[in-house]
2 protein chains.
Amino acid sequence: MTARSSTDPARVIPEATVARLPVYLRALTALADTGIRTCSSEDLATAAGVNSAKLRKDLSYLGSYGTRGVGYDVDYLRYQIAREIGVTQDWPVVIVGIGNLGHALANYSGFRSRGFRVVALLDADPSLSGEIVAGVAVRPFDELEAIVHDHDVAIGVIATPASAAQDVADRMVAIGITSILNFAPSVLSVPEGVDVRKVDLSIELQILAYHEQRKANGAEAAAPVAPVADGGAA
Amino acid sequence: MTARSSTDPARVIPEATVARLPVYLRALTALADTGIRTCSSEDLATAAGVNSAKLRKDLSYLGSYGTRGVGYDVDYLRYQIAREIGVTQDWPVVIVGIGNLGHALANYSGFRSRGFRVVALLDADPSLSGEIVAGVAVRPFDELEAIVHDHDVAIGVIATPASAAQDVADRMVAIGITSILNFAPSVLSVPEGVDVRKVDLSIELQILAYHEQRKANGAEAAAPVAPVADGGAA
DNA sequence: ACCGATTTGTTCTCACGTTCACAAACTCTT
DNA sequence: AAGAGTTTGTGAACGTGAGAACAAATCGGT
């Protein structure tokens, strides 16, 4: 018997699949909200914007939660995915850097509704201390250790300027935070065992610009006129 | 002679490479700012947080811009990457949805400094019209078409609630926008030829939560006490 | 002009992720 | 109870990406 139970920690879920589970979870919630109790892999795949074979394979890593000939029970599958991701429990989170982006993050309702609780907002600028953002008071960065210790925080969000990001990360790691979501446009170096995910607004736009430029160039090249001069002449 | 010149539109750059080019660009800019004129692939790879072999392979897709035995000229390589991505030109951008996140995006200096110019802020809520955010007036959503036409906008940013996102996207596509950066937590369906990139804050946190949970479970399983009760009993 | 040191560009191999295709398993009708 | 129709779960083929390793090219010293 080599079947892996869903509580077997040795069972490995591919990273690409993990990244899609939250999408499935959201799609299932949307289906449940419209009163749908059962759905096929095709239905769910459409709602999640993926191929149904990929969806089935992804779900198969979690276990066998569907019924052949029928499909998936929406609520049951939703619970299983939520449990797998870990959003059935509450995750305390600290946000460091309360500028424009920090404000937006603190106010973002999508966190709270998915099991993430913002327990503190921190900023190095003392003039911000005491300000209330989304019902939480901004506190000095120095209080990070006490807060992380008190609330058993494992996840930190960095929304500072790039220049401060590494220092903040170092401090977080030293205090015991093991997962960091980094919005600052800088490469963080952290020790083994600490997970970092990066969200970089301008990189996303640059990727779009690249493809946009290619579309334009392609159209240009396809047009019968104006062969593009090579840079060599300039 | 099958060599592909850098202006050959048929030359294909892998998507994974495209996504890293902006990181290299940023790292090069940082190096240039510290007065460094030349760097090896090892130096740049370290600054960008990647493996040097991967970096060299990525750069090789653009052309042969290094010198063996020496390395890369920082300014020259920076220009070549910027040109490849398309950030040597100016990209007009519209932002739709001026809530907390829209404000943060409008104020984000990283856009402007990388060739993206916010030409308009739009919101369906008429009570926001006329408000000035980051030096740009908020205008009614209806003016999208005129603005896109006037400024030749190809890239749109959606920062609305999920419920409005698909409608906004449809409208953008109808008007001629071909690249969309979507911050709303919803799956957009768009026709062939339109690029969509998604930034989803809560998905990133959920991915971290998954790994965090696994770390905790692993530690628990390793500990000699407390076998985890299966959900079946609950 | 040659030799050793250095570093790029590229080839080869392996791992990962996606998609197809189908057998297994379930429901419903007769 | 059996067969037709569905739909899942998975094995196999394919494509893409990562990393190691090395040949080609350049520089500096003698």
ask   = Taking NZ, NE, NH1 and NH2 as the nitrogens, is one of them in A:Lys215 or B:Asp195 under 4.0 Å from a carboxylate oxygen of the other?
value = yes

Length of the OH-C1' vector between A:Tyr72 and C:dA25, whole Å = 13 Å

inquiry  = Generate the contact string for nucleotides 12-21 of chain D. Rules: B means base contact, S means sugar-phosphate contact only, - means no protein heavy atom under 4.0 Å.
reply    = B----SBBBB

ask   = Near DNA chain C, under 4.0 Å by heavy atom, which residues of residues 38-46 of chain B?
value = B:Ser40, B:Ser41

query = Going through the checks in order, is the side-chain contact (heavy atoms from CB on, under 4.5 Å) test met by A:Glu204 and A:Leu208?
reply = CA-CA 6 Å; A:Glu204 298 300 324; A:Leu208 286 176; 5.9 Å; no

ask   = Less than 4.5 Å apart, any side-chain heavy atom of A:Ser202 and any of B:Phe116?
value = no

inquiry  = Once rounded to the nearest 0.5 Å, what's the spacing between atom CD1 of B:Ile180 and atom NZ of B:Lys198?
reply    = 14.0 Å

ask   = Could you state the OH-C1' distance from A:Tyr65 to D:dT10, rounded to the nearest angstrom?
value = 17 Å

key: Distance in Å, B:Ser60 OG paired with B:Leu55 CG, rounded so as to fall on 0.5 Å steps   = 9.5 Å

Between C1' of D:dG9 and CG of A:Leu55, the distance in whole Å = 12 Å

Write out a two-atom table: protein N or O, nucleotide N or O from nucleotides 26-30 of chain D, distance below 3.5 Å.
unit_1: D:dT26; atom_1: O4'; unit_2: B:Arg68; atom_2: O; d: 3.4

query = What's the OH-P distance between B:Tyr61 and C:dT8, to the nearest Å?
reply = 17 Å

message = A:Leu62 vs A:Glu84, test: side-chain contact (heavy atoms from CB on, under 4.5 Å). Steps then yes/no.
response = CA-CA 8 Å; A:Leu62 310 192; A:Glu84 190 70 41; 3.6 Å; yes

inquiry  = Is any side-chain heavy atom of A:Ile85 closer than 4.5 Å to one of A:Leu25?
reply    = yes

inquiry  = Tell me the interatomic distance from A:Leu77, atom CG, to D:dT8, atom P, rounded to whole angstroms.
reply    = 11 Å

message = Rounded to the nearest 0.5 Å, what separates atom CG in A:Leu105 from atom CG in A:Asn100?
response = 11.0 Å

ask   = Hey, are B:Tyr24 and B:Asp58 close enough side-chain-wise for a donor-acceptor pair under 3.5 Å?
value = yes

remark   = Paired with A:Val173, the side-chain contact (heavy atoms from CB on, under 4.5 Å) test is passed by just one of A:Val168, A:Leu188, A:Val194, namely A:Val194

ask   = Counting only N and O atoms by type, is there a donor-acceptor contact under 3.5 Å from the side chain of B:Asn182 to the main-chain atoms of B:Ser186?
value = yes

